Enquirer: 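Please read through the structure below; I'll follow up with questions.
Predicted model only: the values in this text are computed from it and were never measured. Order of the sequence lines fixes the chain letters, A, B, ..., with proteins taken first and strands second; residue numbering starts at 1 for each chain.
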Protein chains: 2
Amino acid sequence: MEKQTITIYDVAREAGVSMATVSRVVNGNPNVKPSTRKKVSEVIERLDYRPNAVARGLASKKTTTVGVILPSVTNLFFSSLARGIDDIASMYKYNIILANSDESHEKEVQVFNTLLANQVDGIIFMGQNVSESIRKEIERTSTPVVFAGTLVDNPEYYSVNIDHTVATKEITAELLEHGRRVVLVTDEPKFLTSQHRLEGFKAAYEEKGVEFDEDLVIQQSLRYTDADKVLEELQTLKADSVIVKEDTFAAALMNAALDAGFKVPDDLEVITSDNSIVTEIVRPKLTSIQQPLYDIGAVAMRLLTKIMSNEEVEEKQVILPYKIKHRGSTLHTE
Amino acid sequence: MEKQTITIYDVAREAGVSMATVSRVVNGNPNVKPSTRKKVSEVIERLDYRPNAVARGLASKKTTTVGVILPSVTNLFFSSLARGIDDIASMYKYNIILANSDESHEKEVQVFNTLLANQVDGIIFMGQNVSESIRKEIERTSTPVVFAGTLVDNPEYYSVNIDHTVATKEITAELLEHGRRVVLVTDEPKFLTSQHRLEGFKAAYEEKGVEFDEDLVIQQSLRYTDADKVLEELQTLKADSVIVKEDTFAAALMNAALDAGFKVPDDLEVITSDNSIVTEIVRPKLTSIQQPLYDIGAVAMRLLTKIMSNEEVEEKQVILPYKIKHRGSTLHTE
DNA sequence: ATGAAAGCGCTAACAG
DNA sequence: CTGTTAGCGCTTTCAT
């Protein structure tokens, strides 16, 4: 037998007031006489009444819930952003529905629609890139969407990122300055991050006046097990330094190099881009572009709260500052 | 101006049928003539109608949503369980609300109640231990709760775990067999996992007939930065082998040892317990108790689906098998 | 400051 | 196979 759910009506009856008054008390509406507020509160306590958020959502057409789409909960880059999102959401009294997209565009669309069906007040989207299909869904809805740690080219979209072009250019230039032969490893060329990084990479070469060779870019899936293959290519290219996009892959690549007898950083410098805990766990520690992961998430969520409450937003595309964190996987400490 | 939300009523009117029929079509109820089903489907398509899950939840009193509470999204142990939970949930058409408890008992209670307010059909709880306050909440509600990767002593609670006592005993016995002086590092003694592990640890010593010394157990917070302190204690204890609970801490401890000039595994063997990706990233790789992380989550979710649909459940407390994965941080490959 | 009443969008008997 | 009719539990005008 089910526990009888007690409703706002039960409270009203017990307290000898109307549902409306109970509603006001629950929602902190000031237009209630202190004495009746007290009376109602006592009944709520006694009956252990808990407002039904679903009914509330239906009646008010607001759920105070935001959906967060991320490729994988086990990906440290995105889950670090999620922490920032979560903290700011609690701060503004929003609930979070975290939805895994499994790095599949199909599932992205599916979870996006599930979130809309559940009447979320806003959505934060994270992914490696933004597919045509998710774009279409975004156009269809009036629910606001903010991209976190996810580059978009459409200037109408809200997003929070660092400037990967500038960051990649800076670290590349620094390595070139030290006379190294620098190679860039990116994943799929159609991803905007790959393009931005490549742009910065090229710019550094050109500014230095060194001839830029397309061969210096390795386009490669960044799966852990592909490290050996990439290492071979690096040998062929006689690379001294390699800039990698993702921490786990950078670690795998460095380990492959070490296992093959390379000295890191002497024979090969390894630079990564997420600055997750992995950079500190490996030996030598990994030099990394230091992205403000928590802040990217936090700022994205704050931005979303502004949009949801129709506040003025100055900048649709927020660029946050980065740093270069020098560790043992590179020779120079700057 | 808002986009006019179109409702089941609009579809009914356009298609010249009743709301009930539209509802049947949407829910795949077989009692609809194919021709009208087709007609309704077309209108749904044309109007781009999307059922409102909130209204549905209110009317049916089921949300097909389960809440998942975990201490932190950036904790690889729990996020790996979450993957298993998520997969099985999708398989059974349940939505997931992932809620962060920030490793705080207070926040646990808070998110638990938020989930209940949102009328989730069930809850999966993960945490380092189960507080008195969360117990009280569980008693108050009729919503089913399953514990995943989280030990509970109450035999009425549903849970999925490995047997930490047996696992710890096995690895301890093996190390003792090789004549090592084995030390156990646990966190708070009040945690059940600590108690189970200690039990297995002791049992191995006693079975071996070696005198057991309470000093061989280090109770210590497992924060990354405390590794140096633990290393000192290990030196004092003249430990040859150390069994650690958590991968990241194990890595930190091993690194501290390496940085201090120890040879791993010759001078010090390090054994950890989660078998997350971290064990493969460090050098030497970490020997670990191999918990079936994904499966623990998957089985917990499957268990919950059974409870939610009132199916028969044989065993409330499920124990899954583990293995010992030998890697470079220990001397013997068994 | 409080109450009455009309929905929010949908499901679920029940009737036919 | 289809329609009618109550609600689900709450918010929100609109009166008073």
Enquirer: So, is B:Tyr9 close to the C:dG7 phosphate, meaning a side-chain N or O under 4.0 Å from OP1 or OP2?
Expert: no
Enquirer: Could you state the CG-P distance from A:Asn29 to C:dT2, rounded to the nearest angstrom?
Expert: 10 Å
Enquirer: What nucleic acid atoms does B:Asn31 come within less than 4.0 Å of, heavy atoms only: base, sugar-phosphate, or nothing?
Expert: base
Enquirer: I need the CE-P distance between B:Met19 and D:dC1, as an integer number of Å.
Expert: 21 Å
Enquirer: Any sub-3.5 Å donor-acceptor pair from A:Asn52's side-chain atoms to A:Val54's backbone N or O?
Expert: yes
Enquirer: Of the nucleotides C:dG9, C:dG3, C:dC8, which one has an atom closest to the side chain of A:Ala59?
Expert: C:dC8
Enquirer: What is the distance from CD1 of B:Ile6 to P of C:dC8, rounded to the nearest Å?
Expert: 15 Å
Enquirer: Select one nucleotide: of C:dT2, D:dC8, D:dC10, the one nearest the side-chain heavy atoms of A:Lys33.
Expert: C:dT2
Enquirer: As a quick check of understanding, evaluate salt bridge (Lys or Arg N to Asp or Glu O under 4.0 Å) for B:Arg46 and B:Glu42, giving each step before the final call.
Expert: CA-CA 6 Å; B:Arg46 180 157 58 78; B:Glu42 281 168 3; over 6 Å; no
Enquirer: Rounded off to whole Å, could you give me the CG-to-P distance for the A:Asn52 and C:dC8 pair?
Expert: 18 Å
Enquirer: Whether A:Ser18 contacts C:dG3 is assessed here as follows: a side-chain N or O lying under 4.0 Å from the phosphate OP1 or OP2. Is that the case?
Expert: yes
Enquirer: Hey, which of these two, A:Lys62 or A:Leu58, hits DNA chain D nearer its 5' end, going by closest nucleotide?
Expert: A:Leu58
Enquirer: Let me know the distance between CZ of A:Arg37 and P of C:dT2, rounded to the nearest Å.
Expert: 9 Å
Enquirer: Knowing that exactly one of B:Ile85, B:Val66, B:Val145 qualifies, which makes a side-chain contact (heavy atoms from CB on, under 4.5 Å) with B:Leu304?
Expert: B:Val66
Enquirer: Counting only side-chain N and O atoms of A:Thr5, is one of them less than 4.0 Å from OP1 or OP2 of D:dG9?
Expert: yes
Enquirer: Does C:dG9 have OP1 or OP2 sitting under 4.0 Å from an N or O in the side chain of A:Lys61?
Expert: yes
Enquirer: Is there a side-chain contact between A:Ser60 and the phosphate of D:dC10, meaning an N or O under 4.0 Å from OP1 or OP2?
Expert: no
Enquirer: With distance as the sole criterion, is a donor-acceptor pair present between the side chains of B:Arg50 and A:Asn113 under 3.5 Å?
Expert: yes
Enquirer: Taking CD1 from A:Ile44 and P from D:dC10, how many angstroms apart are they, rounded to a whole number?
Expert: 10 Å
Enquirer: Please give, in whole Å, the distance from D:dT13 P to A:Arg24 CZ?
Expert: 11 Å
Enquirer: Checking all strands, does B:Val54 fall into the base, sugar-phosphate, or nothing category for heavy-atom contacts under 4.0 angstrom?
Expert: nothing
Enquirer: Looking at B:Phe147 versus B:Tyr157, is the centre-to-centre ring distance below 6.0 Å?
Expert: yes
Enquirer: Does C:dC10 have OP1 or OP2 under 4.0 Å away from a side-chain N or O of B:Ser23?
Expert: no
Enquirer: More than 12 non-hydrogen atoms from neighbouring residues, nucleotides or ligands closer than 6.0 Å to CD on B:Glu311, yes or no?
Expert: yes
Enquirer: Rounding to a whole Å, what distance do you find between B:Ile8:CD1 and C:dG7:P?
Expert: 18 Å
Enquirer: Tell me which nucleotide among D:dG3, C:dC10, C:dG3 gets nearest to the side chain of A:Thr21.
Expert: C:dG3
Enquirer: Below 4.0 angstrom from OP1 or OP2 of D:dT11, is there any side-chain N or O of A:Asn27?
Expert: yes
